[in-house]
Protein chains: 2
Amino acid sequence: MEKYKDIGFKLTPQRLAILDHLDGNKEHPSAEDIYKAVSKQFPTMSFATVYNTLETLRQKGGVIELTIDPGKKRFDPNIEPHHHLICIKCKRIADIHGNYKLTVPNRERADFEIVGNHIEFYGICPKCKAVKN
Amino acid sequence: MEKYKDIGFKLTPQRLAILDHLDGNKEHPSAEDIYKAVSKQFPTMSFATVYNTLETLRQKGGVIELTIDPGKKRFDPNIEPHHHLICIKCKRIADIHGNYKLTVPNRERADFEIVGNHIEFYGICPKCKAVKN
DNA sequence: CACTTGACAATAATAATTATAATTTGATAA
DNA sequence: TTATCAAATTATAATTATTATTGTCAAGTG
């Protein structure tokens, strides 16, 4: 937690509450999810604070922004490089830490300098499989 | 083109203009891109028609919806399974057709039934690399 | 020809996000 | 400890992307 102060990230009560909610969170929450959860403790919490904090955190490498969900951003406090498995029915997202070595064939690389990758696996989660229809 | 009529997709002039704009398009355009391009020929074209057509097309498998770009959807008329390479600076998207065989380790699969995958490569395109700073 | 259906356009409504402006606060240094 | 100030917070307005609603029209069907 102290690491943030060192990089000029002012630790306010609101930010601590957001960090606390994110810490170890495997739900890949949206801004709204976070707002709902944190405003229970901070009824005056503003949506803008959630967005501002997430954006500042992202810039400082404290959180990853996921573009998996159409229409809204999701946030992942797990900053280790990893991949995701998405339930196409309920949109639940699970982490995948498998070690994949992916390269782009020269022919396809089109002179891009490759800096990273991210795999999205699609599937149906056990809960949704259990539901008929 | 005839294939659409067979599956109950009525071929109207507006739809033909959209299909024509998408055909062979490698730009992965957003709804707005398509709207702008097509409304040059059809000044009365409505945004709703673009969205409706894209959604209907998607359901019929004529186009793929990409969630790569935060804040907006992009559409890809290339329906062959393939992957993408995104310039992190200018957000340009290129197709990657490399043949990757990806499996999820049992330990991580969490009883999901895997139905597909999509790799996003991140990089810097030649144009953006050429720009200083 | 009457009838149904689906597509279109205009527009309203909603959802997610970003911007603005006034006020407050945490961190630092005197 | 207190003064200071940049940065954070809040309320709110504005924007952007998308979806829903409604009335109209045209194509195809019995």
Side-chain angles (χ1 to χ4, degrees), chain A residues 1-22 28-60 62-76 91, chain B residues 1-2 4-21 28-60 62-76 91:
Chain A
M1 276 294 162
E2 294 301 312
K3 66 181 172 180
Y4 286 119
K5 247 196 284 191
D6 301 340
I7 54 178
F9 184 77
K10 205 185 277 186
L11 286 175
T12 67
Q14 293 88 338
R15 288 182 165 188
L16 284 169
I18 291 172
L19 284 171
D20 188 57
H21 179 71
L22 285 174
H28 309 83
S30 66
E32 191 185 8
D33 295 334
I34 296 165
Y35 173 74
K36 277 185 184 161
V38 177
S39 50
K40 282 177 190 162
Q41 314 158 41
F42 282 85
T44 70
M45 163 76 61
S46 163
F47 238 117
T49 299
V50 176
Y51 277 108
N52 288 339
T53 300
L54 286 169
E55 172 58 14
T56 306
L57 264 183
R58 188 191 64 75
Q59 282 171 20
K60 298 192 182 300
V63 78
I64 292 168
E65 185 183 296
L66 302 178
T67 57
I68 286 172
D69 206 336
K72 73 178 72 155
K73 292 173 184 167
R74 301 256 213 136
F75 296 88
D76 193 340
K91 312 302 175 195
Chain B
M1 275 293 161
E2 293 301 313
Y4 287 119
K5 250 194 283 189
D6 301 340
I7 54 178
F9 183 78
K10 208 182 275 184
L11 286 176
T12 66
Q14 290 91 338
R15 288 181 166 188
L16 282 170
I18 292 173
L19 284 171
D20 187 57
H21 179 71
H28 309 84
S30 66
E32 192 186 8
D33 295 333
I34 296 164
Y35 173 73
K36 277 184 183 160
V38 176
S39 48
K40 283 178 190 162
Q41 313 157 43
F42 283 85
T44 68
M45 163 77 59
S46 165
F47 236 118
T49 299
V50 176
Y51 278 107
N52 287 337
T53 300
L54 286 169
E55 174 57 15
T56 306
L57 263 183
R58 190 192 63 75
Q59 283 170 20
K60 299 195 181 299
V63 78
I64 292 168
E65 184 183 296
L66 301 178
T67 58
I68 286 172
D69 206 336
K72 74 179 70 154
K73 293 173 184 168
R74 300 257 212 134
F75 296 88
D76 192 341
K91 312 302 175 196

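We use all heavy atoms of the structure for the numbers below, so side chains are in, but hydrogens, waters and symmetry mates are not. Just so it is clear, the structure is predicted and the values come from calculations on it, not from any experiment. Below, read A as the first sequence line, B as the second, and so on, with proteins coming before strands; counting in each chain starts at 1.
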Using a heavy-atom cut-off of under 4.0 Å over every strand shown, decide if B:Glu55 touches base, sugar-phosphate, or nothing. nothing
With heavy atoms under 4.0 Å as the rule, sort B:Thr12 into base, sugar-phosphate or nothing. sugar-phosphate
Can you name the nearest heavy-atom pair linking A:Glu55 to A:Glu65, along with the distance? OE1-OE1, 4.4 Å
Note: B:Val63 and B:Leu54 closest approach over all heavy atoms is CG1-O, 3.8 Å
Which one, D:dT10, C:dA9, C:dA27, comes nearest to the side chain of A:Asn52? D:dT10
Regarding A:Ser46, tell me which of base, sugar-phosphate or nothing describes its non-hydrogen contacts under 4.0 Å with the strands shown. base
Result for side-chain contact (heavy atoms from CB on, under 4.5 Å) between A:Met45 and one of A:Lys36, A:Gln14, A:Lys40 points to A:Gln14
For the pair made of CG in B:Leu57 and P in C:dG6, what is the distance, rounded to whole Å? 17 Å
Rounded distance in Å - CD1 (B:Ile34) to P (D:dT18): 10 Å
Could you state the NZ-P distance from B:Lys73 to D:dT16, rounded to the nearest angstrom? 19 Å
Length of the line joining B:Tyr35:OH and C:dC8:C1', which is rounded to integer Å: 13 Å
Looking at C:dA7, C:dA16, D:dT9, which one has an atom nearest to any side-chain atom of A:Tyr51? C:dA16
Pairwise 5' ranking along DNA chain C for B:Thr56 and B:Gly71, keeping only the more 5' one: B:Thr56
How long is the line joining CG of B:Asp69 and C1' of C:dT17, in whole Å? 14 Å
When B:Lys10 and B:Phe75 are each assigned the nearest nucleotide of DNA chain D, the 5'-most assignment goes to B:Phe75
Without swapping roles, check the side chain of B:Arg74 against the backbone of B:His28 for a donor-acceptor pair under 3.5 Å. yes
Taking OP1 and OP2 of D:dT10, is either one under 4.0 Å from a side-chain nitrogen or oxygen of A:Gln14? yes
Give one of base, sugar-phosphate or nothing for B:Ser30, where a contact means two heavy atoms less than 4.0 Å apart. nothing
Expressed in angstrom and rounded to an integer, what is the separation of A:Leu11 atom CG from D:dA8 atom C1'? 12 Å
By the 4.0 Å heavy-atom rule, please label A:Gly8 as base, sugar-phosphate, or nothing. nothing
What nucleotide among C:dA16, C:dA9, C:dG26 has an atom nearest to a side-chain atom of A:Pro13? C:dG26
Report yes or no: do B:Asp33 and B:Ser30 form a side-chain donor-acceptor pair below 3.5 Å? yes
Among D:dT12, C:dA7, D:dA20, which nucleotide has an atom closest to any side-chain atom of B:Ala48? D:dA20
Without decimals, in angstroms, what is the distance between B:Phe9 CZ and D:dA27 P? 17 Å
Is the distance from OP1 or OP2 of D:dA7 to the nearest side-chain N or O of A:Arg15 less than 4.0 Å? no
Nucleotide D:dT19, atom C1' - distance to NZ of A:Lys72 in whole Å: 14 Å
Does B:Thr67 reach the main-chain N or O of A:Asp69 with its side chain, forming a donor-acceptor pair under 3.5 Å? no
Proximal nucleotide (of C:dA27, D:dT9, C:dA7) relative to the A:Thr53 side chain: D:dT9
